[in-house]
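Input: a single structure, listed below in structure tokens.
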Amino acid sequence: MIYTAFCQDGTGRGTIWIDKVEASTVEEAKDLARASCADDWGYEDQSQIHVLGIARGNVEIADWEDLEQ
């Protein structure tokens with residue numbers, strides 16, 4: 001199943017990472033999202049990544065505007 005994942009740095013700062021992952025369960029999707037986000041951001045420690053949410057399906061984001069911090 002395809003899931004759309006939303007992740008953020010564990011400090012709660014910075015942008016939100018959004019991408020799709022293919023997994024059998026929500027827990028597997030969370031693990032894959034955390035690993036993929038850490039890789040994209042160059043983090044060696046995946047525990048620095050917080051998974052904000054997992055949505056079923058390939059969600060199309062029509063608009064997104066991060067707050068300046």
Side-chain angles (χ1 to χ4, degrees):
M1 171 172 254
I2 299 293
Y3 294 92
T4 300
F6 303 82
C7 297
Q8 188 174 30
D9 183 275
T11 65
R13 294 182 172 215
T15 192
I16 308 299
W17 176 93
I18 304 170
D19 206 349
K20 64 182 179 180
V21 295
E22 188 169 346
S24 300
T25 66
V26 170
E27 285 305 312
E28 181 185 11
K30 288 170 73 173
D31 291 341
L32 291 170
R34 189 176 290 110
S36 187
C37 179
D39 184 56
D40 284 353
W41 286 352
Y43 288 23
E44 291 184 23
D45 183 3
Q46 293 179 17
S47 69
Q48 293 177 275
I49 304 298
H50 175 68
V51 179
L52 293 165
I54 299 289
R56 286 187 176 87
N58 185 14
V59 176
E60 181 180 328
I61 304 299
D63 185 54
W64 189 278
E65 193 171 323
D66 278 347
L67 295 173
E68 295 281 334
Q69 294 187 11

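Note: hydrogens, waters and symmetry copies are ignored here, and every other heavy atom, side chains too, is used. Since we're looking at a predicted model, the values are computed, not measured.
- How far CD1 of Ile16 is from CH2 of Trp64: 5.5 Å, rounded to the nearest 0.5 Å.
- Under the 4.5 Å side-chain heavy-atom criterion for grouping Ile, Leu, Val, Met, Phe, Trp and Tyr, Ile18 is not connected to Ile54 through any hydrophobic cluster.
- Residues Ala29 and Tyr3 share a closest heavy-atom pair of CB-CD1, 3.6 Å.
- Here the side chains of Trp17 and Ile49 are not in contact, with every heavy-atom distance at 4.5 Å or above.
- Between Thr4 and Asn58 the shortest side-chain heavy-atom distance falls below 4.5 Å.
- Grouping the Ile, Leu, Val, Met, Phe, Trp and Tyr side chains by contacts below 4.5 angstrom, directly or via other members, places Leu32 apart from Leu52.
- Hydrophobic clustering (side-chain heavy atoms under 4.5 Å, transitive across Ile, Leu, Val, Met, Phe, Trp, Tyr) keeps Val26 apart from Ile2.
- By the side-chain contact (heavy atoms from CB on, under 4.5 Å) test, Ala35 pairs with Gln46, sequence neighbours left out.
- A salt bridge (charged side-chain N to carboxylate O under 4.0 Å, His left out) check over residues 19-32, counting only residues at least two apart or in different chains, returns the pairs Glu27-Lys30, Asp31-Arg34.
- Partners of Thr25 according to the side chain to side chain donor-acceptor pair (under 3.5 Å) rule, which considers only residues two or more places apart in sequence or in another chain, do not exist here.
- For Phe6 against Ala55, the heavy-atom pair with the smallest separation is CE1-CB, 4.2 Å.
- One distance of note links SG of Cys37 with CD of Gln48; it measures 10.5 Å at 0.5 Å rounding.
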